[in-house]
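So the structure is just underneath, and the comments pick up after that.
Computed from a prediction, not measured in an experiment: that's the story for all the values here. Computed from heavy atoms alone, side chains included, the values below leave out hydrogens, waters and symmetry copies.
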Amino acid sequence: MAEIDRVLITGVDTRLGAAVRDHFAGRGALTVGTVTADRDPVPSGELTLTADPADRSQVGDAVAKAAAHMGGIDVLVVAHALPVVAPFTEQSMAQFWRHVDAGLTGGFLYAQAAAEHMRHNRTGGRIVLTTSRWHVGGENLTAVATAAGGIVALTKSLTRDFGGFGVGVNAVALGALDSEWAVCDSCAPTPPGGRAGSVEQAAAVIGLLSQRQLGAAVGQIVNVDGGLSRNRV
């Protein structure tokens, strides 16, 4: 069996999720994508499922269907969340929790369900979560920073929880990217390279982190932001 063979990608109706699916499909992998219930799925010849990322039952059902369709899951990429940008004093709790639940709760539930399949089959695998470079905090980014900080902590913890049965967990922190997340960077300086990155470039990094031969390179938060970040997490 090929090392990267069966890939579940959440959020294939986002620009990043669609690019990740195209990246893996271009490498000959089987893919299943998910979309959230309140967004229209994009056309695809591959199986696309609908699930609320904050609903344990729906996530578990989607992961089980993906595993049955592909004969297992080798890689999970979580890319479904969309940012919420709002002044702190004007942001409703519904707005706040919608993003935190989509990003952080959804990341937890998908990782939990996928890892169970990887452990049950004793095949191991790789999980790549996506988050924002604004886990360090930013103006009007309370929900984004809260969810992103949680994803950083979740990545570190899951590495310890899942490492014993061969599942490596990493995350990418996005910034200065020509995607839906660009709205978070309105006050950020121009990247050292002089322009924003592309979702295809981010997908290539995710593809690299999905390779098991990286071995001990787990529990890492890889900044994909054109060199803006100088922090280590």
Side-chain angles (χ1 to χ4, degrees), residues 7-26 29 31-55 58-59 62-63 66 73 75-86 95 97-111 113-114 127-135 141 143-148 150-151 154-155 170-186 196-210 221-226:
V7 187
L8 172 60
I9 305 127
T10 76
V12 294
D13 51 343
T14 68
R15 291 180 62 189
L16 177 62
V20 171
R21 185 176 220 177
D22 288 346
H23 174 84
F24 280 107
T31 68
V32 170
T34 72
V35 296
T36 57
D38 59 350
R39 283 183 274 160
D40 294 330
V42 295
S44 174
E46 299 289 340
L47 178 64
T48 300
L49 305 168
T50 300
D52 178 351
D55 186 305
Q58 290 187 34
V59 168
V63 172
I73 297 173
V75 177
L76 167 69
V77 179
V78 176
H80 59 260
L82 291 174
V84 170
V85 178
Q95 286 178 305
W97 283 113
R98 183 163 56 248
H99 176 75
V100 173
D101 274 341
L104 183 55
T105 304
F108 172 89
L109 291 176
Y110 270 108
I127 295 173
V128 182
L129 307 177
T130 60
T131 187
S132 168
R133 71 177 289 264
W134 295 106
H135 55 79
L141 296 177
V144 169
T146 300
I151 290 292
L154 184 64
T155 301
N170 288 295
V172 294
L174 305 170
L177 195 70
D178 185 13
S179 73
E180 294 95 338
W181 287 90
V183 67
C184 299
D185 297 312
S186 59
S198 68
V199 289
E200 290 77 16
Q201 292 166 350
V205 174
I206 290 169
L208 175 64
L209 293 174
S210 299
I221 314 300
V222 178
N223 292 313
V224 182
D225 61 9

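- Side-chain contact between His23 and Val77 is absent, with no heavy-atom pair separated by less than 4.5 Å.
- To the nearest 0.5 angstrom, Asp13 atom CG is 10.5 Å from Arg21 atom CZ.
- Between the Thr10 side chain and the Ala79 main chain, a donor and an acceptor come within less than 3.5 Å of each other.
- Note that OG1 of Thr31 and CG of Leu8 are 9.5 Å apart. Values are rounded to the nearest 0.5 Å.
- Summarising the geometry, atom CG belonging to Asn170 is positioned 9.0 Å from atom CG belonging to Leu129; distances are rounded to the nearest 0.5 Å.
- Looking only at side-chain heavy atoms (C-beta outward), Pro53 and Leu109 stay at 4.5 Å or farther from each other.
- For the pair His80 (side chain) and Ala102 (backbone), a donor-acceptor distance under 3.5 Å is present.
- Ser210 pairs with exactly one of Val75, Val7, Val205 by the side chain to side chain contact (heavy atoms under 4.5 Å, CB included) rule, that one being Val75.
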Audit row: Val199, Asp178, side-chain contact (heavy atoms from CB on, under 4.5 Å) steps and yes/no: CA-CA 7 Å; Val199 289; Asp178 185 13; over 6 Å; no
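- No side-chain donor-acceptor contact under 3.5 Å links Glu180 to the backbone of Leu82.
- With 3.5 Å as the limit, one finds no donor-acceptor pair spanning the side chains of Ser179 and Arg15.
- Looking at every heavy atom in both residues, Ser198 comes nearest to Leu177 through O-CD1, 3.2 Å.
- Note: Ile221 CD1 to Ile151 CD1 = 8.5 Å, rounded to the nearest 0.5 Å.
- Contact check for Thr50 versus Thr34: no side-chain heavy atoms found under the 4.5 Å cut-off.
- Taking both residues in full, the closest heavy atoms of Ile9 and Gly17 are given as CG2-O, 3.8 Å, listed atom of the first, atom of the second, then distance.
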